Amino acid sequence: MSTSELSEQEVQRREALNRLRDLGIEPYPAALYPVDHYSSDIKENYEEGKKVVIAGRIMRKKIQGKASFGEILDSKGRIQVYFNRDEICPDEDKTLYNEVFKKLLDLGDFIGIEGELFKTQMGEITVRVHAFTMLSKSLKPLPLPKTDAEGNVHDAFTNPELRYRQRYADLVVNPHVKEIFIKRTKLFNAMREFFNAREYIEVETPILQPIAGGAAARPFKTHHNALDIPLYMRIANELYLKRLIVGGFEGVYEFSKNFRNEGMDRTHNPEFTAMEIYVAYKDYNWMMEFTEQLLEHTAQAVNGTTKATFGEHNIDFKAPYPRVTMRESILEFTGFDIEGKSEEHLRGWCESNGIEVDDTMGRGKLIDEIFGEKCEGNYIQPTFIIDYPKEMSPLCKEHREDSSLTERFELMVCGKEIANAYSELNDPIDQRERFEEQLKLAERGDDEASQFIDYDFLRALEYGMPPTSGLGIGIDRLVMFLTNNQSIQEVLFFPQMKPEKFGEKKVELNDNEKVIFDIISKEKSMALDELKERTGLSNKKWDKGIKALGKLGLTKVTKTDDALIVDLVE
RNA sequence: GAUCUGAUAGCUCAGUUGGUAGAGCAUCUCCCUUUUAAGGAGAGGGUCCUGGGUUCGAGCCCCAGUCAGAUCACCA
């Protein structure tokens with residue numbers, strides 16, 4: 001990158017970098033820096049005169065002659081530092097203060113500080129700097145939001161595109177963003193604790209799969225060169241985890257990155273995180289209790305309370321949660337009883353109640369449409385919706401009391417599904433028939449139905465799987481609820497975005513610019529009006545062309561008393 | 001996929017019937033030894049997202065495109 005493409009401030013910082021080296025100061029030293037305190041330690045355990053060694057970015061510099069204040073940002077927060085010229089430079093040579101600190105140290109640079117604690121007249125805990133060390137020079141100015149005494153943020157770095165594309169900068173200057181991700185990690189930790197305390201074990205299963213099963217979704221397809229076969233990126237980890245239950249593990253769980261080649265919006269990212277857990281000898285009733293205890297535990301661990309705010313809603317993850325069958329729910333919100341109704345009857349009801357349907361939809365799908373359209377949005381507080389129709393749950397055990405239903409529940413919060421669980425189907429013959437049923441739906445045109453049968457999974461079931469209950473939780477959505485974010489992008493470090501275009505700046509002249517340039521390169525210097533005349537270009541084209549040449553540094557326009565002169569820059 | 005909104009200095013944003021761009025912070029120069037987003041004085045800094053068009057003249061109007069956000073549709 002040539003310096004002409006850099007902003008003024010970037011050029012200045014590179015000059016400062018060179019000057020530091022001239023002074024014998026390495027801007028990117030190799031040695032470790034012996035940090036022994038964080039900003040938070042200092043504030044929480046203040047002791048007058050205590051010696052500390054800290055490091056971080058300098059985020060504020062207020063120079064007042066021979067004394068200056070600054071602010072160091074480390075991983076735990078900010079702490080004020082005080083630089084005094086005669087303390088840093090006790091001898092005659094004041095270069096370290098006057099030049100290195102005042103001129104060559106830029107906001108965003110990493111420095112190390114040895115000093116001692118004191119309180120200013122304003123009562124602010126401050127580190128009096130005895131010595132400072134350049135640890136890493138920052139060549140690009142960070143956005144610089146400021147917070148005033150009332151907590152109002154000025155010049156906030158808010159542009160979502162810039163924030164998501166440059167998350168590193170977002171994290172440096174927006175502490176509330178960092179907090180979201182700390183909470184995200186707390187959620188993972190809390191779940192792991194909960195599972196590990198029960199001796200369920202964390203496992204890993206393949207992401208590259210010959211058949212992407214366990215959910216109805218469009219997978220990403222890739223190709224393995226050595227095997228010369230297509231492979232799919234996982235859309236769910238269900239079928240692999242159940243194989244492990246077959247293998248004799250009693251409880252297994254996995255935090256899995258899943259990939260779905262579908263639309264993107266504020267609740268869908270192409271890759272997302274799910275947690276799935278399978279426990280042998282349990283059923284979905286047990287799993288409901290387990291789920292509500294888990295969520296109560298995690299909400300408490302993340303926020304210190306079971307209550308959470310999401311937009312206009314106040315929700316409480318305190319167990320237990322109400323349990324409503326799908327039939328009851330539809331009856332409650334529509335007055336329509338789906339019990340024993342035929343596919344035709346259901347389709348007719350949908351059509352007369354403004355729900356879009358088509359011929360590919362089977363009975364289960366129609367019921368799901370009714371629920372999605374009329375009921376789902378009403379469940380703000382955590383609520384279990386139970387007993388789903390058999391057709392839409394091909395991996396779920398038939399209901400013990402009603403063969404048209406399955407032992408399945410979803411947990412709804414703020415009108416959105418965040419968990420899904422079954423008494424897992426372990427009858428291999430039934431499972432094979434359900435897969436075949438899905439295949440028929442797929443042939444009928446239902447693009448959500450699975451198009452492949454995972455015969456290896458059926459073989460595993462034939463060896464025998466104990467009665468098992470499984471649960472899947474959408475981690476990103478749960479983080480959204482626990483941190484009050486309406487957009488999934490806010491809870492992912494690096495949400496998927498269209499790639500930025502780098503280095504595609506044109507250096508070639510376009511036709512208009514060439515015409516002007518050809519003339520001026522022969523004449524070297526001429527009156528602007530005359531040059532314009534000779535090019536024969538329209539006003540617009542002339543204007544664009546001459547401006548472009550000027551910006552490229554090829555020509556220079558000078559104003560004299562009575563004319564404009566164009567010169568060729570050699 | 002549809003509709004709407006937006007893109008201007010490092011950051012946040014103004015920009016009047018269309019007349020060659022402004023502010024605050026940041027940067028640079030000078031003064032200042034305890035300041036609390038913001039001490040004082042001065043200066044520099046622009047591909048107005050891209051490409052066309054209308055016009056004597058476009059940041060502004062028109063067309064096409066890029067990227068983003070919101071709403072809707074789709075979506076285990």
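So that the names make sense, note that chain A is the first sequence line, chain B the second, and so on, each numbered from 1. Owing to the predicted nature of the structure, the values given are computational and were not obtained by experimental measurement.
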Q: Provide the distance between the two P atoms, one in B:rA41 and one in B:rA26, to the nearest whole Å.
A: 14 Å
Q: Both distances below 3.5 Å, Watson-Crick or wobble geometry, any strand: find the nucleotide opposite B:rA38.
A: none
Q: In whole angstrom, give the distance that lies between atom CD of A:Glu369 and atom C1' of B:rC74.
A: 10 Å
Q: Between the side chain of A:Arg167 and the main-chain N/O of A:Phe493, is any donor-acceptor distance below 3.5 Å?
A: yes
Q: Between B:rC75 and B:rC13, how far apart are the P atoms? Round to whole Å, please.
A: 36 Å
Q: Which part of the nucleic acid, if any, lies within contact of A:Gly214, taking any heavy atom under 4.0 Å across all strands shown: a base, the sugar-phosphate backbone alone, or nothing?
A: base
Q: Check every atom of B:rA73, B:rA70, B:rA37 against the side chain of A:Lys146 and return the nucleotide holding the closest atom.
A: B:rA37
Q: Taking the same atom, C1', in B:rC25 and in B:rC63, what whole-Å distance lies between them?
A: 38 Å
Q: Near RNA chain B, counting only heavy atoms under 4.0 Å, which residues of residues 411-422 of chain A show up?
A: A:Asn420, A:Tyr422
Q: Classify the nucleic acid contact of A:Arg60 as base, sugar-phosphate or nothing, counting any heavy atom under 4.0 Å across all strands shown.
A: base
Q: Rounded to the Å, how far apart are A:Arg85 CZ and B:rU33 C1'?
A: 9 Å
Q: Between the side-chain atoms of A:Asp155 and the base atoms of B:rG24, is any donor-acceptor pair under 3.5 Å?
A: yes
Q: Measure from CZ on A:Arg78 to C1' on B:rA37 and round the result to the nearest Å.
A: 11 Å
Q: Looking at B:rA68, I'd like to know if its phosphate oxygens (OP1 or OP2) sit under 4.0 Å from a side-chain N or O belonging to A:Arg165.
A: yes
Q: Reckon A:Asn159 touches a base, only the sugar-phosphate, or nothing at all at heavy-atom distances under 4.0 Å?
A: sugar-phosphate
Q: Let's test this: given Watson-Crick or G-U wobble pairing with both distances under 3.5 Å, identify the partner of B:rA73.
A: none
Q: Quick one: does NZ or CZ of A:Arg408 land under 6.0 Å from the six-membered ring centre of A:Tyr388, within 45 degrees of the ring axis?
A: yes
Q: Scan A:Tyr164 against the nucleic acid and name what it touches under 4.0 Å (heavy atoms): base, sugar-phosphate only, or nothing.
A: sugar-phosphate
Q: What does B:rU66 pair with, Watson-Crick or G-U, if both distances are under 3.5 Å?
A: B:rA7
Q: Provide a list of protein-nucleic acid N or O atom pairs under 3.5 angstrom, restricted to nucleotides 39-45 of chain B.
A:
from, atom 1, to, atom 2, distance (Å)
B:rG44, O2', A:Glu8, OE2, 3.3
B:rG44, N2, A:Glu8, OE1, 2.6

Q: In Watson-Crick or G-U wobble terms, both distances under 3.5 Å, what is the partner of B:rA26?
A: none
Q: Establish, with yes or no, whether the OP1 or OP2 oxygen of B:rG69 is under 4.0 angstrom from a side-chain nitrogen or oxygen of A:Arg163.
A: no
Q: Establish, for the pair A:Lys61 and A:Phe101, whether the NZ or CZ atom is under 6.0 angstrom from the six-membered ring centre and no further than 45 degrees off its axis.
A: yes
Q: Could you tell me how far apart A:Asp265 (CG) and B:rU3 (C1') are, to the nearest whole angstrom?
A: 15 Å
Q: Taking atom C1' in both B:rG40 and B:rU66, compute the distance separating them and give it to the nearest angstrom.
A: 46 Å
Q: Between A:Leu411 and A:Pro382, is there a side-chain heavy-atom distance shorter than 4.5 Å?
A: yes
Q: Using the side chain to side chain donor-acceptor pair (under 3.5 Å) rule, take A:Thr325 and A:Asp387 through it: C-alpha gap first, then chi angles, then the decisive distance, then the call.
A: CA-CA 6 Å; A:Thr325 68; A:Asp387 299 348; 5.6 Å; no
Q: So, using side chain to side chain donor-acceptor pair (under 3.5 Å) as the criterion, who are the partners of A:Lys390 when residues are at least two apart?
A: A:Glu398
Q: Watson-Crick or G-U wobble partner for B:rC48, using a 3.5 Å limit on both distances?
A: none
Q: Tell whether A:Ser7 reaches the base of B:rU27 with its side chain through a donor-acceptor pair below 3.5 angstrom.
A: no
Q: Do the ring planes of A:Tyr82 and A:Phe69 sit parallel (below 30°), tilted (30 to 60°) or perpendicular (above 60°)?
A: tilted
Q: Reading RNA chain B from 5' onward, which residue's closest nucleotide shows up sooner: A:Lys66 or A:Ser487?
A: A:Lys66
Q: Tell me: CG of A:Leu105 to C1' of B:rA26, nearest whole Å?
A: 15 Å
Q: If you measure only the distance, is there a donor-acceptor pair under 3.5 Å linking the side chains of A:Ser138 and A:Asp109?
A: no
Q: Is there side-chain contact between A:Tyr379 and A:Cys414, with heavy atoms separated by less than 4.5 Å?
A: no
Q: For residues 488-497 of chain A, which residues have at least one heavy atom under 4.0 Å from RNA chain B?
A: A:Gln489, A:Met497
Q: Below 3.5 Å, does any donor atom in the side chain of A:His268 face an acceptor in the base of B:rC75, or the other way round?
A: yes
Q: Quantified in whole Å, what is the P atom distance between nucleotide B:rG6 and nucleotide B:rC49?
A: 13 Å
Q: Whom does B:rC61 pair with, Watson-Crick or G-U wobble, provided both distances fall under 3.5 Å?
A: B:rG53
Q: To the nearest angstrom, how far is A:Phe83 atom CZ from B:rU34 atom P?
A: 16 Å
Q: To the nearest Å, give me how far apart CZ (A:Phe69) and P (B:rA37) are.
A: 13 Å
Q: Within a strict 4.5 Å, meaning less than it, do heavy atoms of the A:Ile72 and A:Arg78 side chains meet?
A: no
Q: How close or far is atom P of B:rC67 from atom CD of A:Glu161, stated in whole angstroms?
A: 10 Å
Q: When the P atoms of B:rA38 and B:rG24 are compared, how many Å lie between them, rounded to an integer?
A: 16 Å
Q: Of A:His154 and A:Phe118, whose nearest nucleotide on RNA chain B comes first from the 5' end?
A: A:Phe118
Q: Who passes ring-ring contact (aromatic ring centres under 6.0 Å, His included) against A:Tyr164, sequence neighbours left out?
A: none
Q: For A:Gln166, which residues count as a side-chain contact (heavy atoms from CB on, under 4.5 Å) partner, sequence neighbours excluded?
A: A:Leu162, A:Tyr168, A:Ala169
Q: Would you indicate what A:Phe157 reaches in the nucleic acid, counting non-hydrogen atoms under 4.0 angstrom: base, sugar-phosphate, or nothing?
A: sugar-phosphate
Q: Among B:rU36, B:rU33, B:rU12, which nucleotide has an atom closest to any side-chain atom of A:Leu162?
A: B:rU12
Q: I want to check something: taking the side chain as every heavy atom from C-beta on, are A:Tyr284 and A:Cys396 in contact at a cut-off of under 4.5 Å?
A: no
Q: Counting side-chain heavy atoms from C-beta on, which of B:rU33, B:rA68, B:rC75 comes nearest to A:Lys498?
A: B:rA68
Q: Given salt bridge (Lys or Arg N to Asp or Glu O under 4.0 Å), test A:Lys50 with A:Glu116 step by step and report yes or no.
A: CA-CA 5 Å; A:Lys50 187 179 181 185; A:Glu116 63 176 71; over 6 Å; no
Q: Side-chain contact test, heavy atoms from C-beta onward, threshold under 4.5 Å: evaluate it for A:Phe310 versus A:Asn485 and give yes or no.
A: no
Q: Provide the Watson-Crick or G-U wobble partner of B:rG18, both distances under 3.5 Å; none if there is no partner.
A: none
